[in-house]
> 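My structure is below; once you've seen it, I'll send some questions.
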Amino acid sequence: QVQLVESGGGLVQAGTSLTLSCAASGGSLRLATMGWFRQAPGKEREFVAVIRLIGGTTYYGDSVKGRFTVFRDYVMSTVYLQMNSLQPEDTAVYYCSASSSSHVRLWDYEPDYWGQGTQVTVSS
């Protein structure tokens, strides 16, 4: 069973940066794509970013495009989310996700596995 463990969340001020990481284990060699979603209080879960583990092709949600960068360490089965110019509206629980499908169309990304989430709070 694949397990995903996120780390790196915390409380930061607006305009600063933060990097989240997500380590996959327990069958991670079957994974083809990994990504991030977030959920703010009272809102639906929102897609943030996804990356193919082989090749590194990425796709981003409109609200983070140009500010967030997703990258991976294929050997370590770890994916990162670098978040720059953070704003209070970025406050949410960030969830790591993964799929065994390479998703020909990354905008159709649907995870098979989820992490427990890590809280990111951005103060104004």
Side-chain angles (χ1 to χ4, degrees):
Q1 182 70 14
V2 174
Q3 293 183 328
L4 305 175
V5 179
E6 303 102 332
S7 61
L11 172 64
V12 297
Q13 290 188 330
T16 61
S17 300
L18 193 65
T19 300
L20 306 180
S21 63
C22 173
S25 61
S28 59
L29 290 179
R30 298 197 300 268
L31 300 178
T33 48
M34 293 181 71
W36 295 90
F37 289 75
R38 67 185 182 184
Q39 188 166 20
K43 295 187 177 181
E44 294 187 352
R45 188 152 52 189
E46 175 189 15
F47 168 76
V48 175
V50 62
I51 185 169
R52 287 201 186 98
L53 296 183
I54 296 178
T57 305
T58 58
Y59 183 75
Y60 296 91
D62 289 340
S63 62
V64 306
K65 202 172 297 183
R67 298 189 300 125
F68 290 11
T69 302
V70 61
F71 57 101
R72 90 285 189 219
D73 181 334
Y74 179 72
V75 173
M76 298 302 293
S77 298
T78 300
V79 66
Y80 303 89
L81 184 68
Q82 180 178 345
M83 306 181 291
N84 297 329
S85 301
L86 283 163
Q87 300 301 317
E89 51 266 34
D90 294 315
T91 294
V93 177
Y94 284 71
Y95 294 92
C96 178
S97 62
S99 172
S100 58
S101 170
S102 62
H103 289 83
V104 174
R105 296 180 294 272
L106 284 175
W107 49 91
D108 288 339
Y109 174 61
E110 291 187 3
D112 301 311
Y113 309 99
W114 293 92
Q116 292 298 309
T118 185
Q119 176 71 46
V120 172
T121 303
V122 185
S123 63
S124 57

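We count residues from 1, following the sequence as given.
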> For Asp112, give me all partners under side chain to side chain donor-acceptor pair (under 3.5 Å), at least two apart in sequence or on another chain.
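Checked Asp112 against side chain to side chain donor-acceptor pair (under 3.5 Å); matches are Ser99, Ser100.
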
> Can Val64 be reached from Leu18 by stepping across I, L, V, M, F, W or Y side chains whose heavy atoms are under 4.5 Å apart?
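Yes, Leu18 and Val64 fall within the same hydrophobic cluster.
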
> Without swapping roles, check the side chain of Gln116 against the backbone of Glu6 for a donor-acceptor pair under 3.5 Å.
no

> Indicate, with yes or no, if Val48 and Leu4 share a hydrophobic cluster defined by side-chain heavy-atom contacts under 4.5 Å among Ile, Leu, Val, Met, Phe, Trp and Tyr.
yes

> Looking only at heavy atoms, which two atoms of Arg67 and Ser85 are closest? And how far apart?
NH1-O, 3.0 Å

> What is the distance from atom CD of Gln3 to atom SG of Cys22, rounded to the nearest 0.5 Å?
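One finds 11.5 Å between CD of Gln3 and SG of Cys22.
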
> Does any pair with a residue in residues 54-64 pass salt bridge (Lys or Arg N to Asp or Glu O under 4.0 Å), and if so which ones, sequence neighbours excluded?
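Passing the test, one end in residues 54-64: Asp62-Lys65.
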
> Rounded to the nearest 0.5 Å, how far apart are OG of Ser21 and OH of Tyr80?
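Ser21 OG to Tyr80 OH: 6.0 Å, rounded to 0.5 Å.
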
> Quick one: pull up CZ in Phe68 and CG in Leu20 and give me the separation to the nearest 0.5 Å.
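Output value for this atom pair is 8.5 Å.
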
> Kindly indicate whether the side chain of Tyr59, heavy atoms from C-beta on, has any atom under 4.5 Å from the side chain of Arg105.
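No - every pair of side-chain heavy atoms lies 4.5 Å or more apart.
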
> Grouping I, L, V, M, F, W and Y whenever their side-chain heavy atoms are under 4.5 Å apart, do Trp107 and Tyr95 come out in a common cluster?
yes

> Do Met83 and Trp36 pass the side chain to side chain contact (heavy atoms under 4.5 Å, CB included) test, and can you show the C-alpha distance, the side-chain angles, and the key distance before you say yes or no?
CA-CA 12 Å; Met83 306 181 291; Trp36 295 90; over 6 Å; no

> Applying the side chain to side chain donor-acceptor pair (under 3.5 Å) test to Ser97, which of Trp114, Tyr113, Tyr109 qualifies?
Tyr109

> Which residues satisfy the side-chain contact (heavy atoms from CB on, under 4.5 Å) test with Thr57, sequence neighbours excluded?
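Testing Thr57 for side-chain contact (heavy atoms from CB on, under 4.5 Å), a comparison that skips the adjacent residues, returns Arg52, Leu106.
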
> Any idea which heavy atoms bring Ser17 and Asn84 closest together, and the distance?
OG-OD1, 2.9 Å

> Kindly give the heavy-atom pair with the smallest separation between Ala92 and Gln119, and that separation in Å.
O-NE2, 3.4 Å

> With a sphere of 6.0 Å drawn around OH of Tyr74, does it hold more than 12 non-hydrogen atoms of other residues, nucleotides or ligands?
no

> Under 6.0 Å from the CD atom of Gln87, do we count more than 12 heavy atoms belonging to anything else shown?
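Above 12, so yes.
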
> Got a sec, which residues hit side-chain contact (heavy atoms from CB on, under 4.5 Å) with Glu46, two or more places apart in sequence or on another chain?
Arg38, Ser63

> Taking side chain to side chain donor-acceptor pair (under 3.5 Å) as the definition, give me every residue that meets it alongside Tyr60, ordered by chain and number, with sequence neighbours left out.
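If we apply the side chain to side chain donor-acceptor pair (under 3.5 Å) test to Tyr60, skipping adjacent residues, there are no hits.
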
> If you count every heavy atom of other residues, nucleotides or ligands that lies below 6.0 Å from Ile54 atom CD1, does the total exceed 12?
no

> Find out if a path of hydrophobic residues (ILVMFWY) with successive side-chain heavy-atom gaps under 4.5 Å connects Phe37 to Tyr94.
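No, because Phe37 and Tyr94 fall into different hydrophobic clusters, even though each may have its own neighbours under 4.5 Å.
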
> Let me confirm one number: the CZ-OG1 distance from Arg72 to Thr33, rounded to the nearest 0.5 Å.
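So the gap between those two atoms works out to 12.5 Å.
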
> Are Val50 and Met34 joined in one hydrophobic group, where the rule is that I, L, V, M, F, W and Y side chains link up if heavy atoms are under 4.5 Å apart?
no

> Test of understanding: with side-chain contact (heavy atoms from CB on, under 4.5 Å), list the residues that count as partners of Val122, not counting sequence neighbours.
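side-chain contact (heavy atoms from CB on, under 4.5 Å) check on Val122 returns Val12, Ala14, Leu86, Pro88, Asp90, Thr91, Val120.
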
